[in-house]
Novice: 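First, the structure itself, so that you have it in front of you.
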Amino acid sequence: DNIGAGYFAGKEPKYTIKQETSEEKINLIKKLFNKIVGQNANAKEMQLIIDYIRDYNDDANFFFEMGLDYMITGACCWINYETESNEIVYSRVSSLQSVAIYDYSTPVQTIGGIRIWQEKDNDGFDCDMVEIISDEYKTYYKNSKRQPKEYKEINDMREEIKWELAPFYSVENPDNLALHEPVITLIDAYETVLTNNKHLFEYNDNAKLKITGFMPENDLMIEDENGEKKLNPDRQKEDEAILNAPTFYTPDASGNIEWIIKDINDTASENHKRTLIELILMCSMIPSVSEISTTEKTATEIERSFFPLEQVLTRADKLFKKELLRMWENIFNRINRRKKTNFDFREIKIELQRN
């Protein structure tokens, strides 16, 4: 997951402003759709606004968090809001606590989002908090242990936000799979091998000593005053003395002393682990980092190693660009309405850079 996220989102997106220069195309679009393209605003001004908002939101860190959430959970979510000082913020929310709401149009459109988390209310009870975000309002609901099945709106927390689009964004894997989910059974098998080997070494570390041709002087078990069997303390001392003695002799010529241990086929175990690792990497499309780091490879050869992962992330690339563009559409619609400007979000070109 970390390798996939680092490769996909280790570098922040690159934003540029593309403006149409073909007079023929500009005139045709204006004639057919009554829309002026490429002349709505100064490209430099638009780029400065984007850079300012991105710097304020630490865009590199934000995008990496989104990429990591997508790899680990199969989805990522974030929200827009405006501060009291009129700064526009976009911020990550947990995809494990949030879900987008879609309409029934073709194609479907995001019309809101729901966030759920737990906190203590003023009475000290654990309660579920629910936030519903639409394009016009943020509303909050909660329940408590007193009324666990009933949710009531918190009226004094209702917030009017008035965005053109719902300021809730979500990128979801169409197969509902995190990057590691197709290889969970292989990961479990690998962990089982490690656990079995660990238990085997622990057993051998505490192995029993087998002695033949010798009888201890004290019995192993004796009876206490109640007639119940218990371990003989004298026998324990005798066994400890035998274990600590530098030399041990068996009166019987056929006697022997050795540890009772479990043998492990180390070669077979290592081959099995290596096979599982290779299958995990192959089925998750992650290149072997150890192989790349221990061999001399050119930049082109390293890039070729990431080719399978690149194909897996192609759909994610398209989905992220689409949702990021929807966010900037929302932001510039708000700026245009407030400042009477005429910026066109369709002039934004988004390029996701691989790390």
Side-chain angles (χ1 to χ4, degrees), residues 1-18 50 54 59-78 90 92-96 98-100 102 105-110 113 165 168-187 277-293 297-330 345-355:
D1 291 328
N2 281 290
I3 291 174
Y7 175 70
F8 178 74
K11 290 184 178 180
E12 68 271 27
K14 183 179 179 181
Y15 290 87
T16 54
I17 307 302
K18 54 181 180 179
I50 292 174
R54 293 179 68 205
D59 192 68
N61 181 63
F62 160 78
F63 186 64
F64 181 76
E65 286 182 338
M66 294 300 99
L68 193 59
D69 278 354
Y70 183 85
M71 301 301 163
I72 293 176
T73 68
C76 63
C77 303
W78 71 95
Y90 47 88
R92 169 193 176 270
V93 292
S94 173
S95 56
L96 300 177
S98 312
V99 63
Y102 303 97
S105 63
T106 304
V108 297
Q109 301 294 326
T110 304
L165 306 172
F168 185 96
Y169 311 92
S170 177
V171 180
E172 301 171 0
N173 185 303
D175 299 318
N176 296 317
L177 290 174
L179 187 64
H180 66 273
E181 285 191 271
V183 294
I184 285 179
T185 54
L186 292 171
I187 295 173
I277 291 175
E278 290 175 354
L279 286 172
I280 290 169
L281 295 175
M282 181 179 68
C283 294
S284 62
M285 306 302 175
I286 298 294
S288 174
V289 178
S290 59
E291 179 184 336
I292 292 174
S293 63
K297 288 193 174 185
T298 65
T300 302
E301 289 173 327
I302 293 176
E303 186 177 356
R304 192 179 298 122
S305 299
F306 280 86
F307 177 78
L309 181 60
E310 179 67 40
Q311 303 314 302
V312 170
L313 296 175
T314 296
R315 179 181 280 181
D317 188 280
K318 310 303 181 186
L319 294 173
F320 267 86
K321 285 181 180 178
K322 178 182 177 182
E323 202 67 357
L324 287 170
L325 190 60
R326 191 177 82 85
M327 180 186 75
W328 287 106
E329 176 186 2
N330 216 9
F345 75 94
R346 287 176 292 191
E347 295 175 0
I348 302 174
K349 179 182 178 182
I350 303 174
E351 179 184 353
L352 302 187
Q353 306 180 86
R354 299 295 182 263
N355 181 24

Novice: Using every non-hydrogen atom in the two residues, find where G67 and A9 come nearest and quote the distance to one decimal.
Specialist: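 Shortest heavy-atom contact: CA-CB, 4.0 Å.
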Novice: Distance check, rounded to the nearest 0.5 Å: I348 atom CD1 versus K18 atom NZ?
Specialist: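 Atom-to-atom, I348:CD1 and K18:NZ are 9.5 Å apart.
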Novice: Under 6.0 Å between ring centres, would you say that holds for Y169 and W78?
Specialist: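 Yes, they do, as the ring centres are separated by less than 6.0 Å.
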Novice: Check the orientation of F8 and F63. Use parallel for under 30°, tilted for 30 to 60°, and perpendicular for over 60°.
Specialist: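 Aromatic pair F8/F63 classed tilted.
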Novice: What is the distance from atom OG of S94 to atom CG of D69, rounded to the nearest 0.5 Å?
Specialist: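 One finds 6.5 Å between OG of S94 and CG of D69.
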Novice: Is the backbone N or O of E12 less than 3.5 Å from a side-chain atom of Q353, with the two atoms forming a donor-acceptor pair by type?
Specialist: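 Side chain of Q353 to backbone of E12: a pair is present.
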Novice: Is the shortest heavy-atom distance from the side chain of L165 to the side chain of T110 under 4.5 Å?
Specialist: no
Novice: Give the minimum heavy-atom separation between F168 and S98, together with the two atoms involved.
Specialist: CZ-CB, 3.9 Å
Novice: If every non-hydrogen atom of Y90 is compared with every non-hydrogen atom of R54, which pair is closest and at what distance?
Specialist: OH-CA, 3.4 Å
Novice: Give the C-alpha distance, both sets of side-chain angles, the deciding distance and a yes or no for side chain to side chain contact (heavy atoms under 4.5 Å, CB included) between E181 and N173.
Specialist: CA-CA 12 Å; E181 285 191 271; N173 185 303; over 6 Å; no
Novice: For L352 and K321, run side chain to side chain contact (heavy atoms under 4.5 Å, CB included): C-alpha distance rounded to whole Å, both residues' side-chain angles, the deciding distance at 0.1 Å, then the answer.
Specialist: CA-CA 8 Å; L352 302 187; K321 285 181 180 178; 4.1 Å; yes
Novice: Please examine the side chains of D59 and P13, heavy atoms only from C-beta on, and report whether any two atoms are closer than 4.5 Å.
Specialist: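 P13 vs D59: side chains touch.
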Novice: Between C76 and F320, which heavy-atom pair has the shortest distance, and what is it?
Specialist: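 Looking at all heavy atoms of both residues, the closest pair is SG-CZ, 3.5 Å.
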Novice: Checking the side chain of E172 only, and the main-chain atoms of A75 only, is there a donor and an acceptor separated by less than 3.5 Å?
Specialist: no
Novice: Is the shortest side-chain heavy-atom distance between D175 and R315 below 4.5 Å?
Specialist: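 Yes - at least one pair of side-chain heavy atoms lies under 4.5 Å apart.
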Novice: Any salt bridge between R326 and E329, counting N to O under 4.0 Å?
Specialist: no
Novice: Within this structure, what is the CG-CE distance for the pair L279 and M282, rounded to the nearest 0.5 Å?
Specialist: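 So the gap between those two atoms works out to 5.0 Å.
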Novice: If I take atom OG from residue S95 and atom CD from residue E65, how far apart are they, to the nearest 0.5 angstrom?
Specialist: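 Spacing of OG (S95) from CD (E65) equals 11.5 Å.
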Novice: Counting N and O atoms only, with roles assigned by atom type, does the side chain of N355 sit under 3.5 Å from a partner on the main chain of K11, one being a donor and the other an acceptor?
Specialist: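 Flag not set: sc N355 to bb K11 has no pair under 3.5 Å.
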Novice: Could you go through E323 and L319, starting from their C-alpha distance and side-chain angles, then the distance that decides it, and tell me whether this counts as side chain to side chain contact (heavy atoms under 4.5 Å, CB included)?
Specialist: CA-CA 6 Å; E323 202 67 357; L319 294 173; over 6 Å; no
Novice: Rounded at 0.5 Å granularity, tell me how far CG in N176 sits from OG1 in T73.
Specialist: 10.5 Å
Novice: Rounded to the nearest 0.5 Å, how far does CD1 of I280 lie from CD1 of I184?
Specialist: 11.0 Å
Novice: On a heavy-atom basis, which atom in R354 and which in L313 lie closest, and how many Å separate them?
Specialist: NH2-O, 4.3 Å
Novice: Which pair of non-hydrogen atoms, one from L179 and one from G4, has the smallest distance, and what is that distance?
Specialist: CD2-CA, 4.1 Å
Novice: Is there a side chain to side chain contact (heavy atoms under 4.5 Å, CB included) between W328 and R346? Walk through the geometry before answering.
Specialist: CA-CA 9 Å; W328 287 106; R346 287 176 292 191; over 6 Å; no
